[in-house]
Trainee: 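Structure provided below as structure tokens; questions to follow.
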Protein chains: 2
Amino acid sequence: MRMAEGVEWALHCCLDLAWARGTPVPAARLAAHHGLPAAYLTKQLQALGRAGIVRSTPGPRGGYLLDRPPHAVTLMDVVTALEGADPAFRCTEIRAGGPHTTRCAIDTAMTRAELAWRRELAGRTLADLDADVRRADPDAPAATRARLSPAPPA
Amino acid sequence: MRMAEGVEWALHCCLDLAWARGTPVPAARLAAHHGLPAAYLTKQLQALGRAGIVRSTPGPRGGYLLDRPPHAVTLMDVVTALEGADPAFRCTEIRAGGPHTTRCAIDTAMTRAELAWRRELAGRTLADLDADVRRADPDAPAATRARLSPAPPA
DNA sequence: ATAAATCTGGATATGCGATGTCCAGGATTC
DNA sequence: GAATCCTGGACATCGCATATCCAGATTTAT
């Protein structure tokens with residue numbers, strides 16, 4: 001079982017946008033910042049847009065912005081935006097002996113575990129990540145913000 | 001993110017073998033019991049064998065047996081046997097600005113959520129599933145055992 | 001001994017989703 | 001009007017889960 005790599009990209013970009021504090025950042029600059037293929041990162045950003053996590057403005061000086069305060073974006077929100085809401089384990093009801101009236105015990109157990117995972121993800125927001133980073137490296141947000149600022153250093 | 005369907009198959013087969021109580025069940029009969037492709041189910045059973053969950057005996061009257069008491073096989077054991085031990089989220093360290101001394105906050109958060117999932121799976125065994133099933137349908141284990149018995153009903 | 005049943009492991013085919021690229025069209029700023 | 005940027009669709013590629021087949025080994029039963 002493997003999570004799409006785009007989830008990692010999206011999480012980093014969301015944090016970047018939180019640090020950009022309302023200044024639009026073009027997809028190409030986000031991609032360059034992380035060494036990612038711009039054409040594909042675009043797809044992830046569009047998914048974040050459809051989920052209402054991110055907003056975009058076209059034209060010069062345009063780009064992506066976070067569309068909610070960082071404390072209102074949970075990791076679960078981002079994962080769901082990219083991976084969809086379907087559970088990883090899907091019961092295909094292979095129990096023998098015709099139709100059953102009770103719920104499959106295996107399905108119940110696997111679903112319970114997945115809910116624990118979702119609960120953890122839903123309990124952490126971009127604001128929490130920001131706090132974690134600042135605790136370890138207080139200058140990182142400002143440095144990132146500078147590197148993503150409208151006028152590139154070269 | 002999607003879990004391999006073979007995990008579901010393996011869990012059902014493990015429960016079947018627990019109910020067979022030491023009587024070897026051929027892979028072909030397990031497959032027929034659940035309407036699964038025998039040639040592929042074989043692969044999952046072999047993985048369970050390499051993990052020490054299941055044991056096999058060749059020849060007529062041979063087949064698969066559970067190689068541990070049901071309370072000593074956790075759902076995590078089965079999932080790991082089939083999916084491997086790698087986490088679903090793998091940090092590829094795309095943080096910008098050269099090498100970092102601190103751990104990536106995103107990686108930490110995603111890993112924490114996955115540990116919650118693993119903890120749930122590690123906390124439930126085949127014996128628990130067996131108890132769940134008996135609570136809802138006390139005759140199901142015996143019925144399955146009969147259907148898997150060495151002399152097929154036809 | 002021979003035959004039948006069963007597992008093991010490797011080779012191979014197939015399908016699907018994640019990854020990745022490209023482009024035509026539209027919106028916005030200058 | 002030109003440059004910048006996003007949107008959405010079409011398309012190519014790659015890896016992995018799914019699936020099949022077979023030759024070889026092992027054990028049971030006669």
Side-chain angles (χ1 to χ4, degrees), chain A residues 1-10 13 17 20 23-32 34-51 53-65 67 79 81-84 86 88-90 92 94 148 150-152, chain B residues 1-10 13 17 20 23-32 34-51 53-65 67 79 81-84 86 88-90 92 94 148 150-152:
Chain A
M1 190 177 51
R2 175 165 205 147
M3 177 164 299
E5 214 176 344
V7 172
E8 185 186 8
W9 303 0
C13 288
L17 294 181
T23 303
V25 182
R29 195 163 314 147
L30 285 170
H34 293 291
L36 302 174
Y40 188 38
L41 178 63
T42 283
K43 301 303 184 189
Q44 330 293 341
L45 292 171
Q46 282 175 18
L48 291 175
R50 283 189 294 271
I53 295 170
V54 134
R55 186 164 49 87
S56 67
T57 65
R61 299 276 163 180
Y64 287 91
L65 312 101
D67 200 21
V79 170
L82 283 255
E83 297 261 12
D86 284 348
F89 180 91
R90 290 164 222 184
T92 58
I94 58 174
L148 293 174
Chain B
M1 193 178 47
R2 175 166 206 149
M3 176 164 301
E5 214 176 344
V7 172
E8 184 186 9
W9 303 1
C13 288
L17 294 180
T23 303
V25 182
R29 196 164 312 146
L30 285 170
H34 292 292
L36 303 174
Y40 188 38
L41 178 62
T42 283
K43 300 303 184 190
Q44 330 293 340
L45 293 171
Q46 283 174 18
L48 291 174
R50 283 189 293 272
I53 295 169
V54 135
R55 186 166 49 87
S56 67
T57 64
R61 299 275 162 181
Y64 287 92
L65 312 101
D67 201 21
V79 170
L82 283 257
E83 296 261 15
D86 284 348
F89 181 91
R90 290 165 224 184
T92 58
I94 58 174
L148 293 175

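Numbered from 1 within each chain, the chains take letters A, B, ... in sequence-line order.
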Trainee: Of the nucleotides C:dT21, D:dT7, D:dT20, which has the atom closest to the A:P37 side chain?
Mentor: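 Closest nucleotide to the A:P37 side chain: C:dT21.
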Trainee: Have a look at B:G49 and say if it touches a base, only the backbone sugar-phosphate, or nothing, with a 4.0 Å heavy-atom cut-off.
Mentor: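 Here B:G49 touches no strand at all.
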Trainee: Output all residues satisfying side chain to side chain contact (heavy atoms under 4.5 Å, CB included) with A:R2, sequence neighbours left out; order by chain, then residue number.
Mentor: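 Side chain to side chain contact (heavy atoms under 4.5 Å, CB included) check on A:R2 returns B:R90.
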Trainee: Round to the nearest Å and state the distance from A:K43 atom NZ to D:dC5 atom P.
Mentor: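 Value for this atom pair: 18 Å.
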Trainee: Separation of B:R50 atom CZ from C:dG9 atom P, in whole Å?
Mentor: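 From B:R50 CZ to C:dG9 P: 7 Å.
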Trainee: When the distance from CG of A:L48 to P of D:dT7 is rounded to whole Å, what number comes out?
Mentor: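 Roughly 11 Å, once rounded to whole Å.
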Trainee: Work out which heavy atom in A:L45 is nearest to a heavy atom in A:C13; give both atom names and the distance.
Mentor: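 Heavy atoms only, the tightest pair is CD2-CB, 4.3 Å.
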Trainee: Pick the closest DNA chain D nucleotide for A:R2 and for A:L45 by heavy atoms, then say which residue is nearer the 5' end.
Mentor: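 The residue whose closest nucleotide sits nearer the 5' end is A:L45.
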Trainee: Without decimals, in angstroms, what is the distance between A:L36 CG and C:dT21 P?
Mentor: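 In whole Å, C:dT21 P and A:L36 CG are 11 Å from each other.
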Trainee: Could you check which of D:dC6, D:dT18, D:dT7 has an atom nearest any side-chain atom of B:Y40?
Mentor: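 Out of D:dC6, D:dT18, D:dT7, the nucleotide with an atom closest to B:Y40's side chain is D:dT18.
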Trainee: Return the value, rounded to whole Å, for the distance between atom CG of B:D86 and atom P of D:dA17.
Mentor: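 Distance, rounded to whole Å: 11 Å.
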Trainee: Measure the distance from CD on A:Q44 to C1' on D:dT7 and round it to the nearest whole Å.
Mentor: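 Distance check: A:Q44 CD to D:dT7 C1' gives 15 Å.
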Trainee: To the nearest 10 degrees, what angle separates the axes at the start and end of the helix from C:dA1-D:dT30 to C:dC30-D:dG1, five pairs each?
Mentor: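 The end-segment axes of the helix from C:dA1-D:dT30 to C:dC30-D:dG1 are tilted 20° relative to each other.
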Trainee: Taking atom NZ of B:K43 and atom CG of B:L82, what is their separation to the nearest 0.5 Å?
Mentor: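 Answer rounded to 0.5 Å: 13.5 Å.
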Trainee: So, OP1 or OP2 of D:dT7: does either fall under 4.0 Å of a side-chain N or O from A:Y64?
Mentor: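 Checking D:dT7 against A:Y64, a side-chain N or O does come within under 4.0 Å of OP1 or OP2.
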Trainee: So which atom in A:I94 and which in B:H34 form the shortest heavy-atom distance, rounded to 0.1 Å?
Mentor: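 Closest approach of A:I94 to B:H34: O-ND1, 2.8 Å.
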Trainee: So how far is it from B:T42 OG1 to B:Y64 OH, rounded to the nearest 0.5 Å?
Mentor: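 If I round to the nearest 0.5 Å, the distance is 5.5 Å.
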Trainee: Mind checking A:A39 for me? I need base, sugar-phosphate or nothing, with any heavy atom below 4.0 Å counting as a touch.
Mentor: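 Here A:A39 touches the bases of the nucleic acid.
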Trainee: Rounded to whole angstrom units, what separation is found between the CZ atom of A:R29 and the C1' atom of D:dC5?
Mentor: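 After rounding, the reported distance stands at 11 Å.
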Trainee: Quick one: CG on B:L36 to CG on B:L30, what's the gap to the nearest 0.5 Å?
Mentor: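 Going from the CG atom of B:L36 to the CG atom of B:L30 covers 9.0 Å.
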Trainee: Does any N or O in the side chain of B:E83 come within less than 3.5 Å of the main-chain N or O of A:M1, such that one atom is a donor and the other an acceptor?
Mentor: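 Present.
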Trainee: Please classify the nucleic acid contact of A:A28 as base, sugar-phosphate, or nothing, using heavy-atom distances under 4.0 Å.
Mentor: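 A:A28: no heavy atom of the nucleic acid under 4.0 Å.
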Trainee: Provide the closest heavy-atom pair for A:L148 versus A:R29 in the form atom of the first, atom of the second, distance.
Mentor: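 Nearest heavy atoms, A:L148 then A:R29: O-NH1, 3.2 Å.
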Trainee: B:L30 has an atom CG; how far is it from atom P of C:dA5, in whole Å?
Mentor: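 Distance, rounded to whole Å: 18 Å.
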Trainee: Kindly give the heavy-atom pair with the smallest separation between B:V25 and B:A20, and that separation in Å.
Mentor: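 Minimum heavy-atom contact is CG2-CB, 3.8 Å.
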Trainee: Look up atom CZ in A:F89 and atom CD in B:E5, then write down how far apart they are to the nearest 0.5 Å.
Mentor: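 CD of B:E5 is found 9.0 Å from CZ of A:F89.
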Trainee: Would you mind building the protein contact string for nucleotides 23-30 of chain D? One character per nucleotide, 5' to 3', B for base within reach (heavy atoms under 4.0 Å), S for sugar-phosphate only, - for untouched.
Mentor: ---BBBS-
